[in-house]
Amino acid sequence: MIVWDVDKGVFRRANTSDYREALYILLQLIEPGYVTSYGDLAKLLGVNPRFIGYLLKTNDKPIVIPCHRVVRSNGDLGGYSLGGKEFKKKLLMLEGVVFSGERVSRDCLKSLYSLLAR
DNA sequence: ATTTGCTCAGCTC
DNA sequence: GAGCTGAGCAAAT
């Protein structure tokens, strides 16, 4: 990802903060009751899926980042540093996400592309 | 359901 | 610099 550096007036490679910023904006787009995957976000930002996990794991700037709405592409929960998977599952169920066993139902996995193409 | 190979930014030395 | 580690993925088995 390339960004415009306002201060220096040049284009430069995105740094971690830039990715974080972009990631958080994208997270805002996910409606309660739906989830997206690490890979989906990764494609959008042009980074490795594992990097998304890294971003979410490390910087939890405010506590109010909906990182619980990000799961694995196969429906598995993935991780959650605050309270573990169980807590993550509870949060999602509270928002109306449907589970089949320990996995998120396919219907609740929303592609961010469809949200952006409106 | 499980294994396999790929990936790449950040961290540690 | 070199090597290791992931809140992952997709394809093959």
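Treat the numbers as computed from the prediction; the structure is a model and nothing was measured. Sequence lines set the chain letters: A, B, ... in the order given, protein chains first and strands last, and positions in each chain run from 1.
In this structure, Leu27(A) atom CG and dA7(C) atom P are separated by 17 Å, rounded to whole Å. Counting to the nearest Å, the P atom of dC9(C) and the CZ atom of Arg72(A) are 7 Å from each other. The NZ-P distance, from Lys57(A) to dT5(C), rounds to 13 Å in whole Å. Rounded to an integer number of Å, the gap from Lys43(A) NZ to dG8(C) C1' is 13 Å. Atoms CZ (Phe51(A)) and P (dA7(C)) sit 13 Å apart, rounded to a whole Å. Per the geometry, CD1 belonging to Ile52(A) stands 10 Å off C1' belonging to dG8(C), to the nearest Å. As a whole-Å value, the separation of Asn74(A) CG from dA7(C) C1' is 13 Å. The NZ-P distance, from Lys88(A) to dA7(C), rounds to 11 Å in whole Å.
Here Val3(A) pairs with Met1(A), Arg12(A), Ala14(A), Asp18(A) under the side chain to side chain contact (heavy atoms under 4.5 Å, CB included) rule; sequence neighbours left out.
Base engagement by Tyr38(A) is indicated by at least one non-hydrogen atom pair under 4.0 Å involving a base atom. Contact annotation for Arg50(A): base contact, defined as any heavy-atom pair under 4.0 Å involving a base atom. Across all strands, Thr16(A) comes closer than 4.0 Å only to sugar-phosphate atoms, never to a base (heavy-atom distances).
Remark: Arg69(A) engages Glu95(A) in a salt bridge, criterion side-chain N to carboxylate O under 4.0 Å.
For the atom pair CG of Leu112(A) and OH of Tyr34(A), the computed distance is 13.5 Å after rounding to the nearest 0.5 Å. The distance from atom CG of Leu41(A) to atom OG of Ser111(A), rounded to the nearest 0.5 Å, is 10.0 Å. Distance CG/Leu82(A) to NE2/His68(A): 11.5 Å, rounded to 0.5 Å.
With 3.5 Å as the limit, one finds no donor-acceptor pair spanning the side chains of Ser100(A) and Arg106(A).
In terms of position on DNA chain B, the residue among Arg103(A) and Asn15(A) whose nearest nucleotide sits closer to the 5' end is Arg103(A).
A cation-pi arrangement is absent between Lys85(A) and Tyr80(A) under the rule of less than 6.0 angstrom and at most 45 degrees off the ring axis.
For DNA chain B, the span of nucleotides reached by chain A at under 4.0 Å from its heavy atoms goes, 5' to 3', from dT7(B) to dC11(B).
Of all heavy-atom pairs spanning Leu55(A) and Tyr24(A), the tightest one is O-OH, 4.4 Å. In terms of heavy atoms, Val71(A) sits closest to Asp76(A) at CB-O, 3.4 Å.
Listed pair Ser73(A) / dG8(C) fails the phosphate criterion, with no side-chain N or O lying under 4.0 Å from OP1 or OP2.
Listed by first residue number, the stems of DNA chain C with at least three Watson-Crick or G-U pairs below 3.5 Å are B:1-6 with C:8-13, B:8-13 with C:1-6.
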